[in-house]
Amino acid sequence: MKIIDAKVIVTCPGRNFVTLKVVTDEGVYGIGDATLNGREMAVVSYLEDHIVPCLIGRDPQQVEDIWQYLYRGAYWRRGPVTMTAIAAVDVALWDIKAKIANQPLYQLLGGKSRDGVMVYGHANGGDIAETVDEVGRYIDMGYKAIRAQTGVPGLPSTYGVASEKMYYEPADAELPTENVWSTEKYLNHVPKLFQTLRDKYGFDHHLLHDSHHRLTPIEAARLGKDLEPFRLFWLEDTVTAENQESFRLIRQHTTTPLAVGEVFSSIFDCQQLITEQLIDYIRATVVHAGGITHLRRIANLADLYHVRTGCHGATDLSPVCMGAALHFDTWVPNFGIQEYMRHTPETDAVFPHVYTFDDGYLYPGEVPGHGVDIDEALAAKYPYKPAYLPVNRLQDGTMFNW
Ligand SMILES: O=C(O)[C@@H](O)[C@@H](O)[C@H](O)[C@H](O)CO
Ligand SMILES: [Mg+2]
C-alpha cells in the first residue's frame with residue numbers, strides 16, 4: 001500500500017480548522033486534525049511545503065517509522081507548529097491502519113479499558129449568580145464534571161467567560177484584542193464562586209477551574225489553599241510551565257489537584273512535572289503533542305508517577321481531534337477525564353462523526369478508524385478567515401499571559 005496524495009483542507013465553519021487527508025493507492029484514506037488556533041497557516045505551510053512531499057510513495061502502515069522520520073528528520077525538533085503537523089499525519093495514518101484492520105482505533109491501541117469516557121463541560125457566567133445557573137444547566141444535561149469560570153468584578157473581561165454559553169470561541173478578531181487583567185481582583189473573587197457552588201449543589205459533581213497561565217507560583221499556592229475546602233477535581237494552568245521546577249512551590253503548599261499541558265507539544269515539556277509528581281493530570285492531546293504515537297509515550301510515563309490524562313478538548317480542536325482522543329481515552333489505563341467543549345452544528349456538519357454523548361460520558365463509536373470524516377464539498381464553502389487569540393495586559397499596561 002502506498003500514499004499517493006496528502007491534501008491540507010482549510011475550512012472555517014464559524015472558526016478555522018485545518019485537516020490533513022492522506023489518500024492511499026488502495027482507496028483507503030485517513031484524516032488528522034492540524035488546527036493550531038491563531039497560527040493555522042503556519043501549520044498549513046509546514047505540511048504542504050515540508051511534510052507532504054516526503055509522504056508520497058511511503059507505506060502508510062509504517063506509522064512509527066514515519067513519525068520518527070518526521071521528528072528526527074526535521075532536525076529542528078519540537079514546538080507547536082512542528083508537532084501539530086506531525087500529529088495530523090500520525091492520526092491520519094492510525095485512521096488508515098484501523099480502517100484496513102476493519103477495527104475501531106481503540107482496538108489497535110490495546111482495546112477498551114472503559115466503556116464510556118467521562119467528560120467535563122464549560123459553565124461560565126458574567127458573575128457568580130449566572131455561573132451558578134450555568135453549572136446547574138450542565139448538571140441537568142447529565143454532566144458529572146463541570147468547569148466553572150466567572151467574570152471578575154472590576155475587570156472588563158476574563159478568560160473563559162463569553163456571551164455565547166455553549167460554544168466558547170476565544171479567537172475573536174482579525175488582530176489580537178487586548179484584554180486587561182488583575183490577579184488581585186481574580187484571587188479575591190474565585191473562592192467565593194466555589195463556596196457558592198458547593199453550598200448550592202453539594203459535592204456530588206466534580207468541579208474544575210482554569211487559571212489560564214496567569215499566576216505566579218506563590219499566587220497559585222494561595223489559590224490552591226483557598227480552594228481546598230471545595231475539593232476541586234483540578235485547578236488548571238495556574239502558572240506557565242516553561243520552568244517546570246516552579247511547580248515545586250505550588251505543590252509544597254496545597255493538596256488541590258493540579259492540571260497543566262494543553263500548550264505542550266512534547267514529552268520534554270512535562271518530563272520533570274511528571275517524574276517529580278508536580279502535577280496530577282497532563283492535558284496534552286493528540287492534535288498538538290505529536291499525535292497518538294507520541295501522546296501514548298507521555299501517558300505511559302505519566303502512569304509510572306500516578307499522573308492521569310486530561311486531554312484538552314476546546315472548540316478550536318476539531319471533531320477529528322475529539323474522535324481520535326476518544327479512542328485514546330477508551331484505551332489509556334491512567335485515564336482521568338476528557339474536556340468536551342461542544343462544536344457548533346455548522347462544524348459538526350463539516351465533520352460528520354459517530355461519537356456520541358450520553359449522561360456525562362462520550363462514546364467513540366464502533367466503526368473502523370477513529371470515526372470522523374470531512375465533507376470536502378461543504379468544507380469548501382467556508383473559506384479561511386484570519387482570527388487571533390487575544391493578548392493580555394496588566395492594569396498598568398504590562399504585557400502579561402493571556
Ligand atoms: O482549557 C481550555 O479549554 C482553554 O484553556 C482553551 O479554551 C484555550 O484557551 C483555547 O484552546 C486556546 O485556543
Ligand atoms: Mg485550559
Side-chain angles (χ1 to χ4, degrees), residues 12 14-18 33-43 80-81 83-84 87 119-124 138 143 145-150 157-162 164-173 176-177 179 181 186 190 206-215 220 223 232-241 257-265 269-270 273 279-289 309-322 325 336-344 347 362 385-392 400-402:
C12 187
R15 63 146 295 102
N16 293 308
F17 294 107
V18 180
D33 184 17
T35 308
L36 186 63
N37 200 4
R39 295 295 185 274
E40 293 86 357
M41 300 315 283
V43 182
V81 173
M83 299 304 278
T84 298
V119 297
Y120 71 90
H122 284 207
N124 72 83
Y138 274 85
Y143 283 81
I146 301 116
R147 190 187 82 169
Q149 306 288 137
T150 185
S157 67
T158 185
Y159 164 73
V161 178
E164 169 47 70
K165 289 301 164 222
M166 279 305 278
Y167 312 108
Y168 176 62
E169 177 44 70
D172 58 2
T177 30
N179 292 171
W181 178 252
Y186 167 78
V190 170
H206 297 305
L207 294 178
L208 302 88
H209 183 67
D210 190 345
S211 298
H212 219 264
H213 321 282
R214 301 184 182 189
L215 306 179
L223 181 59
L232 264 60
F233 184 88
W234 81 33
L235 178 59
E236 175 187 348
D237 275 348
T238 51
V239 175
T240 58
L258 302 174
V260 77
E262 68 183 45
V263 299
F264 292 172
S265 62
D269 293 330
C270 50
L273 289 167
I279 58 173
D280 302 282
Y281 298 92
I282 180 64
R283 296 268 289 136
T285 195
V286 288
V287 62
H288 299 133
T309 64
C311 289
H312 189 203
T315 309
D316 47 278
L317 285 58
S318 93
V320 179
C321 174
M322 181 54 74
I337 199 167
Q338 170 66 51
E339 179 177 2
Y340 180 43
M341 244 195 209
R342 295 165 184 255
H343 292 102
T344 64
T347 296
L362 275 175
K385 188 171 173 234
Y388 278 79
L389 287 169
V391 297
N392 220 1
F400 198 60
N401 307 314
W402 174 72

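Bear in mind the structure is a predicted one, so any value in this text is a computation, not a measurement. Whatever order the structure lists them in is the order used to number ligands and atoms, beginning at 1. Heavy-atom basis, side chains included; hydrogens, waters and symmetry copies ignored. Along the sequence shown, residues carry numbers from 1.
The shortest distance between side-chain heavy atoms of S211 and L223 falls below 4.5 Å. Contact check for P319 versus T347: side-chain heavy atoms found under the 4.5 Å cut-off. A 4.5 Å side-chain heavy-atom check between V286 and D33 finds every atom pair outside the cut-off. Between H212 and N392 there is no side-chain heavy-atom pair separated by less than 4.5 Å. The side-chain heavy atoms of R283 and F264, taken from C-beta on, include no pair separated by under 4.5 Å.
Closer than 4.0 angstrom to ligand 1 lie heavy atoms from N37, H122, R147, Y159, D210, H212, E236, E262, R283, H312, A314, D316, E339, M341, L389, W402.
A donor-acceptor pair shorter than 3.5 Å cannot be found between the side chains of T240 and N401.
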List the steps and the verdict of side chain to side chain contact (heavy atoms under 4.5 Å, CB included) for T158 and Q149.
-> CA-CA 9 Å; T158 185; Q149 306 288 137; over 6 Å; no
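When the options W181, Y168, F400 are evaluated for a ring pair (Phe, Tyr, Trp, His ring centres under 6.0 Å) with Y159, the one that passes is Y168.
Cation-pi geometry between R15 and F17 is met: under 6.0 angstrom from the ring centre, within 45 degrees of the axis.
Note on the Mg ion (ligand 2): protein N/O/S atoms under 2.8 Å are D210 OD2, E236 OE2, E262 OE1.
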